[in-house]
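The structure under discussion appears below in the form of structure tokens.
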Amino acid sequence: MSQRGRKFFVTERLGSGAYGSVYLAEQDSGAGFRRRVALKLLHQHHSEEKEAGKRMRDEARILGRLSHRNIVTVLDLVRLQDRWAVVMDYVQGIDLERLTRAMVDLNEPFPPGAALEIGAAIGDALHAAWIADDGQGRVLGVVHRDIKPSNVLLTADGEVKVLDFGVARVNLESREGKTGFRVGTERYMAPERIVGEEDTPQGDVYAAAATVAELLLLRPIGRTPVLPDRHEVFVNDTLTAVRGALGGMPEAVQDEVIGLLGRALHGEVAHRPVARDFSDDCSRLCRMVGGESLRQFTRRVVPQAELSLATEREPVEGVVFQEESTGAPSSTLAASSVGLASPSPSSSATYADRGETTLAPPDNRRLGVGALVGAGAAIAVLVAVSVGAAVWFLTSAPTEPPPST
């Protein structure tokens, strides 16, 4: 004998990646309590693959240990009809990659002060993840390893949320999966990360600086050459372009902004600031730059951007529920959904990776020792719940709807 537990009424697919899709849903827990959640659901064709399940569980455990205003919040890790799912807070907003595309369509520049505020928020998230406690008095030491615009969410009220810790490196004994080396997205990787020499928190700082530069330029800065002399030319060319985007700002302030980005994009790890210092410098400079604040900018532009990208929305209809066994120690989960069409290749992802995450091949020109955030010690209780829309999951691959009946 069994009874149904919480239900999730699915309304939209937010994005898809190699291992799972993320849905927006309304959770009904009975007694009149309802809330919107985001759910990352493992694809059916990956449900039997041990590594895919391990990575999803690891991500949930990591995020379960991280509590910070600039990091997405995980509510639960559950099984739905033999498929792992991560239930998260639904944060309404737009990721920075989609926002920059919309800004180009709207012919709007990105306010430098707002871009620096975003850089400060990313730095705060990275620092919080690095120093987080594992629950036993030890530092988790999370390195995200895939900071990029599509993994940073921005709300209409100026809140910044870092997403997708699926390939993070972390000091976590309960971690199950293996992420390999040189994981991430190459055009945001520091030189040492591309060639697999070392994997430090400053690699995430490089990616954060590349993201800020991309906002100012409204285009990616591109993959850096790994040879030191070529990397230096690449950074100098990037900074020259950024200076042009800073407009009529006083030259002394421009020099400060260029100096910070130059240090963060430096080819040598030792010359880059740590995440906290990067955040503090971004905050200091955004006050010097002045102009439109992040909140003013987002309240004005994010609704316009969402409207310009409305054709990318993917409405769906369906219900996923948890069926709890009354006499057995473990739950039996069942789900049903209607009309959940597979996303088109051009579908945008708010919580899910847009398919750019790669495992970079070795570079024979430079070898050595030694990628970004993830942490968390085991989420103890696997309760019942699920389906909504939410964050991330790595590279693109064939996608599919939730199970149907």
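The structure presented is a predicted model; accordingly, all values stated were derived computationally and were not measured.
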[atom1]-[atom2] distance between [X] and [Y], expressed to the nearest 0.5 angstrom:
X	Y	atom1	atom2	value
L163	N70	CG	CG	11.0 Å
T224	E232	OG1	CD	11.0 Å
I122	I71	CD1	CD1	11.5 Å
I94	L309	CD1	CG	5.0 Å
L39	Y90	CG	OH	14.0 Å
D124	C282	CG	SG	9.5 Å

Where do [X] and [Y] come nearest, in terms of heavy atoms and distance?
X	Y	answer
A305	L99	CB-CD1, 3.8 Å
L217	V242	CD2-N, 3.7 Å
C286	E117	SG-CG, 3.8 Å
R219	A241	NH2-CB, 3.7 Å
F110	L215	CB-O, 3.1 Å
S150	E97	CB-OE1, 3.6 Å

Is there a donor-acceptor pair closer than 3.5 Å between any side-chain N or O of [X] and the backbone N or O of [Y]?
X	Y	answer
R263	G259	yes
D134	Q136	yes
H231	G267	yes
Q254	G248	no
R272	Q202	yes
N151	D146	yes

With a 4.5 Å limit on heavy-atom distance, are the side chains of [X] and [Y] in contact?
X	Y	answer
F278	L260	yes
P201	L126	no
R243	L239	no
L153	V72	no
I194	R223	yes
I221	F234	yes
V274	W130	no
T155	T298	no

Apply the salt bridge (Lys or Arg N to Asp or Glu O under 4.0 Å) test between E26 and each candidate in R36, R34, R35; give the one that qualifies.
R34

Pairing donors with acceptors under 3.5 angstrom, does anything connect the side chains of Y188 and E214?
yes

List the steps and the verdict of salt bridge (charged side-chain N to carboxylate O under 4.0 Å, His left out) for D133 and R138.
CA-CA 6 Å; D133 188 274; R138 295 171 298 192; over 6 Å; no

Pair listing, salt bridge (Lys or Arg N to Asp or Glu O under 4.0 Å) test, anchored in residues 285-296, at least two apart
E292-R300

Candidate pair E159 and L154, rule side-chain contact (heavy atoms from CB on, under 4.5 Å), full reasoning
CA-CA 6 Å; E159 293 183 347; L154 186 63; over 6 Å; no

Residue pair L294, V160: steps toward the side-chain contact (heavy atoms from CB on, under 4.5 Å) verdict:
CA-CA 10 Å; L294 180 60; V160 179; 3.9 Å; yes

Please determine if D89 and K161 form a salt bridge, counting it only when a charged side-chain N lies under 4.0 Å from a carboxylate O.
no

Partner of K148 by side-chain hydrogen bond (donor to acceptor under 3.5 Å, both in side chains), out of T185, D95, T211, D164:
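Option passing the side-chain hydrogen bond (donor to acceptor under 3.5 Å, both in side chains) with K148: T185.
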
